[in-house]
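Just so it is clear: chains get the letters A, B, ... in the order the sequence lines come, proteins before strands, and each one is counted from 1.
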Protein chains: 2
Amino acid sequence: MNQTKRKDAKASKPLSRIQEANRKAILDAALDVFATSGFRGATIDAIAARTGMSKPNLLYYFKSKQQIYQQVLEQTLEDWLAPFEAIDPEGDPVEELRRYITAKLEMSSKRPEASKLFANEILHGAPVVGSFLETTLKDLVTEKTKVIRHWVGEGKLAPIDPYHLIFMIWATTQHYADFDIQIRAVAGSQAGRPGFSEQAAQAVLTIILNGIKPR
Amino acid sequence: MNQTKRKDAKASKPLSRIQEANRKAILDAALDVFATSGFRGATIDAIAARTGMSKPNLLYYFKSKQQIYQQVLEQTLEDWLAPFEAIDPEGDPVEELRRYITAKLEMSSKRPEASKLFANEILHGAPVVGSFLETTLKDLVTEKTKVIRHWVGEGKLAPIDPYHLIFMIWATTQHYADFDIQIRAVAGSQAGRPGFSEQAAQAVLTIILNGIKPR
DNA sequence: CATTTGCTTGACCGTTTGGTCAAAATGAAC
DNA sequence: GTTCATTTTGACCAAACGGTCAAGCAAATG
């Protein structure tokens with residue numbers, strides 16, 4: 001029964017059906033808990049309660065709270081980055097950025113927990129994703145700044161600093177997820193209305209795209 | 001009964017010289033600790049260590065960790081709001097907004113801890129400042145949206161939604177404080193150079209102001 | 001000087017929480 | 001059924017942490 005197919009001790013894990021389901025349930029619950037309470041504020045018990053499992057059972061699937069956190073974060077980063085990678089150097093600048101901003105705003109509205117989780121991580125010094133930021137993300141951003149600079153060179157965009165344009169898009173799109181409570185408190189009835197997030201997207205697009213169009 | 005000379009709401013403490021100095025030292029240390037570790041992550045011991053006092057001594061001046069947190073937050077909110085209140089309805093729109101954005105970016109660069117403290121509070125559901133957001137801040141924002149709408153009506157600004165303009169400014173200016181680690185990681189050498197924050201201010205102003213100028 | 005009041009702290013307590021462990025339940029294979 | 005591996009948990013431990021308290025120290029006050 002110990003063929004290459006069944007149970008490999010170290011290299012890779014076949015992952016039984018039960019394991020796969022439980023792991024996923026745990027990571028889903030953990031995302032919520034970590035996002036609302038932060039790493040320190042979250043407790044294994046809280047995550048366990050949310051999945052209906054016992055605490056030791058969580059630690060049967062993941063060896064520590066840290067590890068759960070890392071995996072949730074890792075999983076989140078991929079989604080977070082995908083639309084950024086998708087910016088096409090060959091496409092029309094305004095159209096590409098419109099697509100990117102729209103995608104990010106949609107993510108903020110649909111999965112604010114992911115955004116909050118990430119915000120928390122960065123806010124506390126990026127202890128886990130720090131090296132990722134300095135390598136993968138940095139390279140990716142460098143690449144995109146070249147694209148933007150190329151667009152500017154062609155006269156398709158106003159002469160703006162690519163870094164700050166990117167930061168500004170990140171800032172704005174994340175804000176709607178991370179600060180949603182403040183937004184709801186301040187905008188009051190406005191924010192409750194259906195179509196509010198579409199309206200937000202429209203306003204953000206208007207300002208940024210007008211701001212970077214060549215004059 | 002109550003002489004109205006002291007600013008005290010509780011009508012008891014004249015506050016000795018020593019008390020005033022120690023209270024301030026504690027609040028200063030607490031700002032740093034809360035900003036970098038969050039409420040849950042911060043410990044009274046850490047704050048005490050930073051002031052050179054003992055833990056019981058902190059609790060002699062403030063009755064609980066919560067109370068320290070509240071006072072730090074309260075103190076921070078005032079600074080945070082001041083430049084927003086200062087937006088002058090009679091002034092030139094572009095000039096007023098330039099002043100506001102510049103002031104906020106400067107705060108982000110000089111006192112990022114204050115910004116981080118606030119971000120953390122909101123991110124975790126605004127348990128302490130929630131009611132403040134729904135009353136004072138909401139009223140203030142409503143007032144400023146009217147000013148912006150008036151400017152738009154006069155044709156001095158492009159027709160943009162005032163709420164989203166405000167959110168966008170908040171988002172962007174806070175981003176440079178709250179996500180400074182990500183910015184430094186991604187921008188690398190750029191961010192280290194002197195004048196980086198001035199450059200950031202220039203870029204942000206360019207995009208937003210161009211974005212809202214009437215065409 | 002003595003006395004009162006304000007300031008400071010070492011030692012301690014109760015609770016929370018991350019993590020362990022041995023044993024029980026469940027399931028799979030024969 | 002029996003046997004063996006996987007999954008689950010109650011009970012427990014050690015460390016961390018918020019907070020208390022009684023006693024010590026300092027500084028005014030007389």
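- Among the atoms of the strands shown, only primed sugar atoms or phosphate atoms (P, OP1, OP2) are found under 4.0 Å from some heavy atom of B:Tyr61.
- Per the geometry, CE belonging to B:Met53 stands 11 Å off P belonging to C:dC7, to the nearest Å.
- The distance from atom CZ of B:Arg111 to atom CG of B:Asp79, rounded to the nearest 0.5 Å, is 5.0 Å.
- Summarising the geometry, the separation between CG on B:Asn57 and P on D:dC21 is reported as 17 Å, rounded to the nearest angstrom.
- Distance CG (B:Leu58) to P (C:dC7): 15 Å, rounded to an integer number of Å.
- Rounded to the nearest 0.5 Å, atoms CD (A:Glu143) and CD (A:Glu85) are 8.5 Å apart.
- Following rounding to the nearest Å, B:Lys55 (NZ) and C:dC12 (C1') show an atom-to-atom distance of 10 Å.
- The nearest whole Å value for the distance from the CG atom in B:Asn22 to the P atom in C:dC7 is 9 Å.
- In this pair, B:His175 and A:Phe167 present their aromatic rings tilted. The plane angle is within the 30 to 60° band.
- Atom CD of A:Gln66 and atom C1' of C:dT17 are 15 Å apart (whole Å).
- Using modelled atom types, one finds no donor on one side chain facing an acceptor on the other under 3.5 Å when comparing A:Tyr163 with B:Gln199.
- Remark: C1' of C:dG10 and OH of B:Tyr60 are 18 Å apart, rounded to the nearest angstrom.
- Residue A:Gln19 places at least one side-chain N or O closer than 4.0 Å to OP1 or OP2 of D:dT7.
- With sequence neighbours left out, the salt bridge (Lys or Arg N to Asp or Glu O under 4.0 Å) criterion links A:Arg40 to no other residue.
- Contact between A:Val186 and B:Lys138 at its shortest, heavy atoms only, is O-CG, 3.5 Å.
- Counting only heavy atoms from C-beta on, A:Ser54 has its side chain closest to D:dT8 among C:dG19, C:dG6, D:dT8.
- Heavy-atom distances under 4.0 Å link DNA chain C to A:Ala42, A:Thr43, A:Ile44 of residues 26-45 of chain A, given in residue order.
- Atom P of nucleotide C:dT5 and atom CD1 of B:Ile18 are separated by 18 Å, given to the nearest angstrom.
- Not a single donor-acceptor pair, N or O on each side, falls under 3.5 Å between the base of C:dG19 and the side chain of A:Lys65.
- Distance from the side chain of B:Pro56 is smallest for D:dT20 among the nucleotides D:dT20, D:dT7, C:dT20.
- Cation-pi check for B:Lys104 over B:Trp80 is met; the charged atom lies under 6.0 angstrom from the ring centroid and within 45 degrees of its normal.
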